[in-house]
There are 2 protein chains.
Amino acid sequence: MTTLGYALLALLARQESSGYDLAQRLKRPIGFFWTAHSSHIYSELARLEEGGFITPQVVAQPTRPAKRLFSVTESGLAALRTWVTTPIEPSPPRDELVLKAYAIWLADPAQAIALFRQQEELHTARLAEYEHILARIEHEHGKQLDITLPDFGNYATLHAGVYAEQASVAWCRWMVEQLTNHSRQEAEQG
Amino acid sequence: MTTLGYALLALLARQESSGYDLAQRLKRPIGFFWTAHSSHIYSELARLEEGGFITPQVVAQPTRPAKRLFSVTESGLAALRTWVTTPIEPSPPRDELVLKAYAIWLADPAQAIALFRQQEELHTARLAEYEHILARIEHEHGKQLDITLPDFGNYATLHAGVYAEQASVAWCRWMVEQLTNHSRQEAEQG
DNA sequence: ACTGCCATGTAAAACGTTACATGATTCT
DNA sequence: AGAATCATGTAACGTTTTACATGGCAGT
(Lines give C-alpha, C1' and ligand atoms only; values in the text may rest on other atoms or scores of the structure.)
Protein backbone atom coordinates (compact mmCIF):
# COMPACT_ATOMS: atom_id res chain seq x y z
CA MET A 1 0.00 0.00 0.00
CA THR A 2 1.24 3.45 -0.91
CA THR A 3 0.44 6.59 1.06
CA LEU A 4 -1.75 7.81 -1.77
CA GLY A 5 -3.75 4.61 -1.31
CA TYR A 6 -4.48 5.55 2.28
CA ALA A 7 -5.32 9.11 1.25
CA LEU A 8 -7.94 7.75 -1.15
CA LEU A 9 -9.28 5.34 1.47
CA ALA A 10 -9.56 8.24 3.91
CA LEU A 11 -11.65 10.15 1.39
CA LEU A 12 -13.81 7.16 0.50
CA ALA A 13 -14.40 6.40 4.18
CA ARG A 14 -16.16 9.75 4.37
CA GLN A 15 -18.11 9.37 1.15
CA GLU A 16 -18.19 7.05 -1.84
CA SER A 17 -16.76 8.71 -4.92
CA SER A 18 -15.65 8.21 -8.50
CA GLY A 19 -12.07 8.75 -9.62
CA TYR A 20 -13.05 12.14 -10.89
CA ASP A 21 -14.74 13.05 -7.61
CA LEU A 22 -11.62 12.01 -5.73
CA ALA A 23 -9.44 14.21 -7.89
CA GLN A 24 -11.69 17.14 -6.92
CA ARG A 25 -11.98 16.26 -3.25
CA LEU A 26 -8.23 15.70 -2.97
CA LYS A 27 -7.67 19.38 -3.62
CA ARG A 28 -8.98 20.73 -0.34
CA PRO A 29 -7.85 20.31 2.35
CA ILE A 30 -5.72 17.23 1.55
CA GLY A 31 -4.09 19.08 -1.34
CA PHE A 32 -2.47 21.38 1.24
CA PHE A 33 -0.20 18.52 2.37
CA TRP A 34 -0.57 15.74 -0.22
CA THR A 35 -1.20 15.96 -3.96
CA ALA A 36 -1.72 13.56 -6.86
CA HIS A 37 -2.52 13.78 -10.55
CA SER A 38 -5.67 12.18 -11.89
CA SER A 39 -3.74 9.54 -13.82
CA HIS A 40 -2.05 8.54 -10.59
CA ILE A 41 -5.40 8.37 -8.81
CA TYR A 42 -6.87 6.03 -11.41
CA SER A 43 -3.93 3.65 -11.31
CA GLU A 44 -4.01 3.65 -7.51
CA LEU A 45 -7.77 2.95 -7.53
CA ALA A 46 -7.13 -0.06 -9.77
CA ARG A 47 -4.61 -1.37 -7.23
CA LEU A 48 -6.95 -0.78 -4.31
CA GLU A 49 -9.74 -2.58 -6.16
CA GLU A 50 -7.45 -5.47 -7.00
CA GLY A 51 -6.45 -5.73 -3.34
CA GLY A 52 -10.08 -5.83 -2.23
CA PHE A 53 -9.88 -2.56 -0.26
CA ILE A 54 -12.58 -0.86 -2.31
CA THR A 55 -15.48 -1.99 -4.53
CA PRO A 56 -16.93 -0.15 -7.50
CA GLN A 57 -20.59 0.34 -8.31
CA VAL A 58 -21.27 1.39 -11.86
CA VAL A 59 -23.79 4.22 -12.04
CA ALA A 60 -25.36 5.01 -15.40
CA GLN A 61 -26.20 8.68 -15.90
CA PRO A 62 -28.69 10.09 -18.40
CA THR A 63 -26.66 13.01 -19.69
CA ARG A 64 -23.16 12.24 -18.40
CA PRO A 65 -20.85 9.29 -19.08
CA ALA A 66 -21.30 6.40 -16.66
CA LYS A 67 -19.14 6.52 -13.58
CA ARG A 68 -17.71 3.99 -11.17
CA LEU A 69 -18.50 4.93 -7.59
CA PHE A 70 -16.06 3.35 -5.17
CA SER A 71 -16.75 2.54 -1.57
CA VAL A 72 -14.45 1.16 1.12
CA THR A 73 -14.78 -2.53 1.98
CA GLU A 74 -14.53 -3.89 5.51
CA SER A 75 -10.99 -4.96 4.75
CA GLY A 76 -10.22 -1.48 3.45
CA LEU A 77 -11.60 0.21 6.54
CA ALA A 78 -9.62 -2.15 8.78
CA ALA A 79 -6.41 -1.35 6.86
CA LEU A 80 -7.14 2.37 7.16
CA ARG A 81 -7.79 2.17 10.91
CA THR A 82 -4.54 0.28 11.43
CA TRP A 83 -2.53 2.72 9.33
CA VAL A 84 -3.92 5.83 11.03
CA THR A 85 -2.18 5.22 14.34
CA THR A 86 0.84 3.30 13.06
CA PRO A 87 4.03 5.23 13.89
CA ILE A 88 5.50 7.04 10.92
CA GLU A 89 8.77 5.93 9.40
CA PRO A 90 10.67 9.11 8.64
CA SER A 91 10.45 10.05 4.98
CA PRO A 92 13.17 11.90 3.08
CA PRO A 93 12.82 15.66 3.62
CA ARG A 94 12.65 17.90 0.55
CA ASP A 95 12.87 21.64 0.97
CA GLU A 96 14.38 23.44 -1.96
CA LEU A 97 14.15 26.87 -0.36
CA VAL A 98 16.30 25.77 2.57
CA LEU A 99 18.75 24.27 0.10
CA LYS A 100 18.98 27.65 -1.59
CA ALA A 101 19.57 29.24 1.79
CA TYR A 102 22.49 26.87 2.28
CA ALA A 103 24.10 28.33 -0.85
CA ILE A 104 22.86 31.91 -0.38
CA TRP A 105 26.34 33.19 0.47
CA LEU A 106 27.09 32.88 -3.27
CA ALA A 107 24.21 35.16 -4.25
CA ASP A 108 23.74 38.84 -4.87
CA PRO A 109 22.14 40.12 -1.61
CA ALA A 110 19.50 42.21 -3.38
CA GLN A 111 18.31 39.23 -5.38
CA ALA A 112 18.39 37.04 -2.28
CA ILE A 113 16.20 39.54 -0.43
CA ALA A 114 13.74 39.52 -3.34
CA LEU A 115 13.53 35.73 -3.22
CA PHE A 116 12.72 35.60 0.48
CA ARG A 117 10.29 38.50 0.34
CA GLN A 118 8.41 36.71 -2.43
CA GLN A 119 8.35 33.51 -0.39
CA GLU A 120 7.17 35.41 2.66
CA GLU A 121 4.23 36.79 0.69
CA LEU A 122 3.36 33.34 -0.60
CA HIS A 123 3.30 31.83 2.86
CA THR A 124 1.42 34.80 4.28
CA ALA A 125 -1.27 34.28 1.65
CA ARG A 126 -1.53 30.58 2.47
CA LEU A 127 -1.72 31.35 6.15
CA ALA A 128 -4.61 33.72 5.54
CA GLU A 129 -6.39 31.07 3.47
CA TYR A 130 -6.05 28.44 6.20
CA GLU A 131 -7.18 30.82 8.90
CA HIS A 132 -10.19 31.75 6.85
CA ILE A 133 -11.32 28.13 6.49
CA LEU A 134 -10.52 27.55 10.15
CA ALA A 135 -12.72 30.47 11.15
CA ARG A 136 -15.61 28.94 9.20
CA ILE A 137 -15.21 25.62 11.01
CA GLU A 138 -15.01 27.30 14.42
CA HIS A 139 -18.03 29.42 13.59
CA GLU A 140 -19.97 26.23 12.95
CA HIS A 141 -18.58 23.93 15.62
CA GLY A 142 -16.79 26.05 18.21
CA LYS A 143 -13.18 25.47 19.25
CA GLN A 144 -13.64 22.03 20.75
CA LEU A 145 -14.81 19.63 18.07
CA ASP A 146 -15.94 16.08 18.62
CA ILE A 147 -12.86 14.10 17.63
CA THR A 148 -14.98 11.26 16.27
CA LEU A 149 -16.42 13.47 13.52
CA PRO A 150 -14.76 13.71 10.09
CA ASP A 151 -14.73 17.49 10.46
CA PHE A 152 -12.22 17.11 13.27
CA GLY A 153 -9.86 15.72 10.63
CA ASN A 154 -10.21 18.93 8.61
CA TYR A 155 -9.82 21.03 11.73
CA ALA A 156 -6.63 19.21 12.70
CA THR A 157 -5.01 19.46 9.26
CA LEU A 158 -5.77 23.17 9.03
CA HIS A 159 -4.13 23.73 12.40
CA ALA A 160 -1.05 21.91 11.12
CA GLY A 161 -1.07 24.23 8.12
CA VAL A 162 -1.34 27.33 10.29
CA TYR A 163 1.58 26.33 12.51
CA ALA A 164 3.72 25.41 9.49
CA GLU A 165 2.96 28.60 7.55
CA GLN A 166 3.59 30.78 10.59
CA ALA A 167 7.00 29.13 10.91
CA SER A 168 7.76 29.68 7.22
CA VAL A 169 6.77 33.34 7.40
CA ALA A 170 8.88 33.84 10.51
CA TRP A 171 11.93 32.25 8.90
CA CYS A 172 11.56 34.25 5.68
CA ARG A 173 11.36 37.45 7.74
CA TRP A 174 14.44 36.45 9.69
CA MET A 175 16.29 35.83 6.42
CA VAL A 176 15.28 39.20 4.99
CA GLU A 177 16.37 40.86 8.21
CA GLN A 178 19.77 39.17 8.14
CA LEU A 179 20.30 40.03 4.50
CA THR A 180 19.19 43.67 4.85
CA ASN A 181 21.20 44.27 8.03
CA HIS A 182 24.25 43.13 6.20
CA SER A 183 23.55 45.29 3.17
CA ARG A 184 23.02 48.33 5.42
CA GLN A 185 26.33 47.74 7.19
CA GLU A 186 28.07 47.46 3.84
CA ALA A 187 26.58 50.78 2.77
CA GLU A 188 27.62 52.49 6.02
CA GLN A 189 31.17 51.22 5.79
CA GLY A 190 31.50 51.74 2.03
CA MET B 1 19.44 19.88 -13.83
CA THR B 2 17.85 18.21 -10.84
CA THR B 3 17.72 19.71 -7.37
CA LEU B 4 20.18 17.09 -6.16
CA GLY B 5 22.55 18.38 -8.83
CA TYR B 6 22.43 21.83 -7.26
CA ALA B 7 22.85 20.36 -3.80
CA LEU B 8 26.06 18.67 -4.94
CA LEU B 9 27.27 21.84 -6.66
CA ALA B 10 26.61 23.75 -3.44
CA LEU B 11 28.79 21.31 -1.54
CA LEU B 12 31.54 21.29 -4.15
CA ALA B 13 31.55 25.09 -4.27
CA ARG B 14 32.67 24.98 -0.64
CA GLN B 15 35.22 22.23 -1.07
CA GLU B 16 36.23 19.72 -3.73
CA SER B 17 35.15 16.22 -2.81
CA SER B 18 34.84 12.65 -3.99
CA GLY B 19 31.47 10.91 -4.33
CA TYR B 20 32.09 9.24 -1.00
CA ASP B 21 32.97 12.55 0.65
CA LEU B 22 29.77 14.07 -0.72
CA ALA B 23 27.69 11.26 0.71
CA GLN B 24 29.19 12.05 4.13
CA ARG B 25 28.96 15.82 3.83
CA LEU B 26 25.38 15.60 2.60
CA LYS B 27 24.34 14.25 5.97
CA ARG B 28 24.80 17.43 7.97
CA PRO B 29 23.28 19.93 7.71
CA ILE B 30 21.85 19.34 4.21
CA GLY B 31 20.49 15.98 5.29
CA PHE B 32 18.08 17.83 7.58
CA PHE B 33 16.14 19.05 4.54
CA TRP B 34 17.43 17.06 1.53
CA THR B 35 18.71 13.49 1.33
CA ALA B 36 20.13 11.15 -1.30
CA HIS B 37 21.53 7.62 -1.46
CA SER B 38 25.09 7.10 -2.55
CA SER B 39 24.05 5.39 -5.80
CA HIS B 40 22.00 8.45 -6.65
CA ILE B 41 24.93 10.72 -5.90
CA TYR B 42 27.24 8.82 -8.24
CA SER B 43 24.78 8.86 -11.13
CA GLU B 44 24.14 12.57 -10.58
CA LEU B 45 27.90 13.26 -10.52
CA ALA B 46 28.20 11.51 -13.88
CA ARG B 47 25.52 13.80 -15.30
CA LEU B 48 27.13 16.92 -13.86
CA GLU B 49 30.47 15.88 -15.31
CA GLU B 50 28.90 15.19 -18.69
CA GLY B 51 27.27 18.63 -18.61
CA GLY B 52 30.60 20.29 -17.86
CA PHE B 53 29.51 21.62 -14.45
CA ILE B 54 32.21 19.74 -12.56
CA THR B 55 35.63 18.25 -13.37
CA PRO B 56 37.28 15.26 -11.74
CA GLN B 57 40.87 14.94 -10.66
CA VAL B 58 42.03 11.41 -9.99
CA VAL B 59 43.99 11.10 -6.77
CA ALA B 60 45.98 7.94 -6.14
CA GLN B 61 46.28 6.94 -2.48
CA PRO B 62 48.90 4.63 -0.99
CA THR B 63 46.69 2.53 1.26
CA ARG B 64 43.18 3.41 0.00
CA PRO B 65 41.58 2.94 -3.42
CA ALA B 66 42.05 5.87 -5.78
CA LYS B 67 39.39 8.54 -5.65
CA ARG B 68 38.01 11.08 -8.07
CA LEU B 69 37.97 14.54 -6.52
CA PHE B 70 35.42 16.78 -8.19
CA SER B 71 35.54 20.55 -8.34
CA VAL B 72 33.05 23.03 -9.76
CA THR B 73 33.84 24.55 -13.16
CA GLU B 74 33.14 28.19 -14.03
CA SER B 75 30.03 27.07 -15.86
CA GLY B 76 28.94 25.09 -12.82
CA LEU B 77 29.43 28.03 -10.49
CA ALA B 78 27.48 30.29 -12.84
CA ALA B 79 24.61 27.79 -12.95
CA LEU B 80 24.63 27.55 -9.16
CA ARG B 81 24.60 31.33 -8.70
CA THR B 82 21.67 31.66 -11.09
CA TRP B 83 19.69 28.89 -9.41
CA VAL B 84 20.22 30.22 -5.87
CA THR B 85 18.01 33.27 -6.33
CA THR B 86 15.63 31.86 -8.96
CA PRO B 87 12.07 31.84 -7.57
CA ILE B 88 10.91 28.41 -6.50
CA GLU B 89 8.18 26.62 -8.37
CA PRO B 90 5.98 25.05 -5.70
CA SER B 91 6.72 21.37 -5.27
CA PRO B 92 4.14 18.79 -4.23
CA PRO B 93 3.77 18.74 -0.45
CA ARG B 94 4.16 15.41 1.34
CA ASP B 95 3.25 15.14 4.99
CA GLU B 96 2.05 11.74 6.05
CA LEU B 97 1.44 12.75 9.66
CA VAL B 98 -1.02 15.44 8.60
CA LEU B 99 -2.70 12.89 6.35
CA LYS B 100 -3.13 10.65 9.36
CA ALA B 101 -4.59 13.56 11.28
CA TYR B 102 -7.14 13.96 8.49
CA ALA B 103 -8.34 10.41 9.17
CA ILE B 104 -7.79 10.47 12.96
CA TRP B 105 -11.54 10.50 13.68
CA LEU B 106 -11.50 6.79 12.72
CA ALA B 107 -8.88 5.93 15.33
CA ASP B 108 -8.89 4.79 18.91
CA PRO B 109 -8.16 7.99 20.89
CA ALA B 110 -5.60 6.35 23.18
CA GLN B 111 -3.59 5.10 20.21
CA ALA B 112 -3.90 8.47 18.51
CA ILE B 113 -2.54 10.21 21.60
CA ALA B 114 0.39 7.78 21.65
CA LEU B 115 1.18 8.57 18.00
CA PHE B 116 1.30 12.31 18.54
CA ARG B 117 3.22 12.07 21.78
CA GLN B 118 5.84 9.99 20.01
CA GLN B 119 6.03 12.52 17.18
CA GLU B 120 6.29 15.35 19.68
CA GLU B 121 9.29 13.67 21.29
CA LEU B 122 10.93 13.13 17.93
CA HIS B 123 10.57 16.77 16.94
CA THR B 124 11.66 17.95 20.38
CA ALA B 125 14.83 15.90 20.01
CA ARG B 126 15.53 17.35 16.57
CA LEU B 127 14.90 20.84 17.86
CA ALA B 128 17.44 20.31 20.62
CA GLU B 129 19.97 19.03 18.09
CA TYR B 130 19.55 22.06 15.83
CA GLU B 131 19.74 24.48 18.73
CA HIS B 132 22.91 22.80 19.92
CA ILE B 133 24.63 23.23 16.56
CA LEU B 134 23.29 26.76 16.35
CA ALA B 135 24.76 27.60 19.74
CA ARG B 136 28.17 26.39 18.53
CA ILE B 137 27.98 28.65 15.48
CA GLU B 138 26.89 31.66 17.54
CA HIS B 139 29.64 30.99 20.06
CA GLU B 140 32.14 31.20 17.24
CA HIS B 141 30.66 33.96 15.08
CA GLY B 142 28.10 35.85 17.17
CA LYS B 143 24.49 36.38 16.08
CA GLN B 144 25.23 38.49 13.02
CA LEU B 145 27.24 36.46 10.55
CA ASP B 146 28.79 37.78 7.39
CA ILE B 147 26.30 36.66 4.73
CA THR B 148 29.08 36.16 2.21
CA LEU B 149 30.63 33.33 4.24
CA PRO B 150 29.62 29.69 3.68
CA ASP B 151 28.92 29.41 7.41
CA PHE B 152 26.04 31.82 6.96
CA GLY B 153 24.44 29.09 4.80
CA ASN B 154 24.64 26.65 7.70
CA TYR B 155 23.36 29.27 10.11
CA ALA B 156 20.36 30.01 7.87
CA THR B 157 19.40 26.37 7.33
CA LEU B 158 19.59 25.65 11.05
CA HIS B 159 17.28 28.57 11.75
CA ALA B 160 14.82 27.14 9.24
CA GLY B 161 15.03 23.85 11.08
CA VAL B 162 14.40 25.47 14.45
CA TYR B 163 11.32 27.34 13.24
CA ALA B 164 9.94 24.21 11.53
CA GLU B 165 10.54 21.93 14.52
CA GLN B 166 9.02 24.41 16.93
CA ALA B 167 5.91 24.46 14.75
CA SER B 168 5.77 20.66 14.63
CA VAL B 169 6.13 20.38 18.39
CA ALA B 170 3.41 22.98 18.93
CA TRP B 171 1.02 21.20 16.59
CA CYS B 172 1.66 17.78 18.16
CA ARG B 173 0.97 19.28 21.60
CA TRP B 174 -2.23 20.85 20.31
CA MET B 175 -3.32 17.48 18.91
CA VAL B 176 -2.59 15.68 22.18
CA GLU B 177 -4.53 18.36 24.04
CA GLN B 178 -7.54 18.04 21.76
CA LEU B 179 -7.52 14.27 22.01
CA THR B 180 -7.05 14.16 25.78
CA ASN B 181 -9.70 16.84 26.44
CA HIS B 182 -12.15 14.74 24.51
CA SER B 183 -11.22 11.55 26.33
CA ARG B 184 -11.59 13.33 29.69
CA GLN B 185 -15.04 14.60 28.76
CA GLU B 186 -16.03 11.11 27.70
CA ALA B 187 -14.92 9.76 31.05
CA GLU B 188 -16.81 12.47 32.97
CA GLN B 189 -19.99 11.83 31.07
CA GLY B 190 -19.70 8.04 31.01
C1' DA C 1 37.18 -13.02 13.41
C1' DC C 2 34.12 -9.49 12.70
C1' DT C 3 32.47 -4.92 12.13
C1' DG C 4 32.98 -0.59 10.09
C1' DC C 5 35.16 2.58 6.96
C1' DC C 6 36.78 3.93 2.43
C1' DA C 7 35.59 3.94 -2.49
C1' DT C 8 32.86 3.37 -6.86
C1' DG C 9 29.49 2.13 -9.42
C1' DT C 10 25.46 -0.97 -12.17
C1' DA C 11 20.81 -2.82 -12.55
C1' DA C 12 16.21 -3.33 -11.49
C1' DA C 13 12.16 -1.87 -9.39
C1' DA C 14 9.08 1.48 -7.57
C1' DC C 15 7.15 5.83 -7.67
C1' DG C 16 5.39 10.08 -9.71
C1' DT C 17 4.70 13.48 -13.54
C1' DT C 18 3.57 14.85 -18.06
C1' DA C 19 1.52 14.14 -22.27
C1' DC C 20 -1.83 11.96 -24.88
C1' DA C 21 -6.50 10.15 -26.07
C1' DT C 22 -11.60 10.45 -26.27
C1' DG C 23 -16.09 12.56 -26.18
C1' DA C 24 -20.51 14.58 -24.58
C1' DT C 25 -22.57 18.50 -21.93
C1' DT C 26 -23.07 22.90 -19.82
C1' DC C 27 -21.93 27.54 -19.18
C1' DT C 28 -20.45 32.21 -21.00
C1' DA D 1 -18.15 29.71 -30.83
C1' DG D 2 -15.25 28.55 -27.19
C1' DA D 3 -14.11 27.30 -22.52
C1' DA D 4 -14.95 24.58 -18.61
C1' DT D 5 -16.79 20.45 -16.55
C1' DC D 6 -17.63 15.56 -16.29
C1' DA D 7 -15.45 11.02 -16.87
C1' DT D 8 -11.76 7.38 -17.52
C1' DG D 9 -7.79 5.79 -18.62
C1' DT D 10 -2.86 4.57 -21.40
C1' DA D 11 1.93 5.46 -22.54
C1' DA D 12 6.21 7.47 -22.06
C1' DC D 13 9.37 9.58 -19.30
C1' DG D 14 12.06 10.98 -15.40
C1' DT D 15 13.29 10.47 -10.60
C1' DT D 16 14.36 7.89 -6.45
C1' DT D 17 15.02 3.78 -3.85
C1' DT D 18 16.67 -0.79 -3.15
C1' DA D 19 19.55 -4.44 -4.18
C1' DC D 20 23.67 -6.05 -6.01
C1' DA D 21 28.77 -6.16 -6.83
C1' DT D 22 33.70 -5.59 -5.36
C1' DG D 23 37.64 -5.32 -2.28
C1' DG D 24 41.33 -3.68 0.82
C1' DC D 25 42.38 -1.58 5.38
C1' DA D 26 41.62 -0.28 10.33
C1' DG D 27 39.89 -0.92 14.75
C1' DT D 28 37.96 -4.07 18.62
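In what follows, chains carry the letters A, B, and so on, assigned in the order in which the sequence lines appear, proteins first and then strands, with residues in each chain numbered from 1. Note: hydrogens, waters and symmetry copies are ignored here, and every other heavy atom, side chains too, is used.
Rounded to whole Å, the distance from CE on A:Met1 to P on C:dA14 is 16 Å. Whole-Å rounding puts the A:His40 NE2 to C:dT18 P distance at 13 Å. Per the geometry, CD belonging to B:Glu50 stands 14 Å off P belonging to C:dG9, to the nearest Å. Here the C1' atom of nucleotide C:dA21 and the OH atom of A:Tyr42 are 14 Å apart, to the nearest Å. In this structure, CZ of B:Arg94 is placed 16 Å from P of D:dT15, rounded to the nearest angstrom. Atom CG in A:Leu4 sits roughly 7 Å away from atom P in C:dG16 (whole-Å rounding). One can place NE2 of B:His37 at 15 Å from P of C:dA14, the figure rounded to the nearest angstrom. Between the CD atom of A:Glu89 and the P atom of D:dT17 there is a distance of 14 Å, given to the nearest Å.
Each of D:dG9, D:dA7, C:dA7 was ranked by its minimum atom distance to the side chain of A:Arg68; first place goes to D:dG9.
There is a side-chain donor-acceptor pair under 3.5 Å between A:Thr2 and A:Glu44. Looking at B:Asn154 and B:Arg14, their side chains do bring a donor and an acceptor atom within 3.5 Å of each other.
Proximity of residues 18-29 of chain A to DNA chain D (heavy atom under 4.0 angstrom from any strand atom) is restricted to A:Ser18, A:Gly19, A:Tyr20.
Classified by interplanar angle (parallel below 30°, tilted 30° to 60°, perpendicular above 60°), the ring pair A:His159/A:Tyr155 is perpendicular.
Counting only heavy atoms from C-beta outward, the side chains of A:Leu69 and A:Pro56 never approach each other to under 4.5 Å. Between B:Phe152 and B:Asp146 the shortest side-chain heavy-atom distance does not fall below 4.5 Å.
A donor-acceptor pair under 3.5 Å is absent between the side-chain atoms of A:Lys100 and the main chain of B:Thr85, judged by distance alone.
Phosphate contact (OP1/OP2 of D:dC6, side-chain N/O of A:Gln61, threshold under 4.0 Å): absent. Side-chain N/O atoms of A:Arg47 include none lying less than 4.0 angstrom from OP1 or OP2 on C:dA14.
Residue order along DNA chain C, read from the 5' end via each residue's closest nucleotide, puts A:Thr2 first among A:Thr2 and A:Ser38.
Counting distance only, with no hydrogens placed and no angle test, the side-chain atoms of A:Ser39 and the base atoms of C:dT18 include a donor-acceptor pair under 3.5 Å.
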Under 3.5 Å donor-acceptor pairs involving side-chain atoms of residues 113-131 of chain A, not counting sequence neighbours:
from: A:Glu120; atom 1: OE2; to: A:Arg173; atom 2: NE; distance (Å): 3.0
from: A:His123; atom 1: ND1; to: A:Glu165; atom 2: OE1; distance (Å): 2.5
from: A:Thr124; atom 1: OG1; to: A:Glu120; atom 2: O; distance (Å): 2.6

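Judged by a 6.0 Å distance limit and a 45° cone about the ring axis, A:Arg64 is not positioned over the six-membered ring of A:Tyr20.
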Could you go over nucleotides 26-28 of chain C and give all protein N or O partners under 3.5 Å, atom names and distances?
none

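Atom CD of A:Gln61 sits in a crowded spot, with more than 12 heavy atoms from other residues, nucleotides or ligands closer than 6.0 Å.
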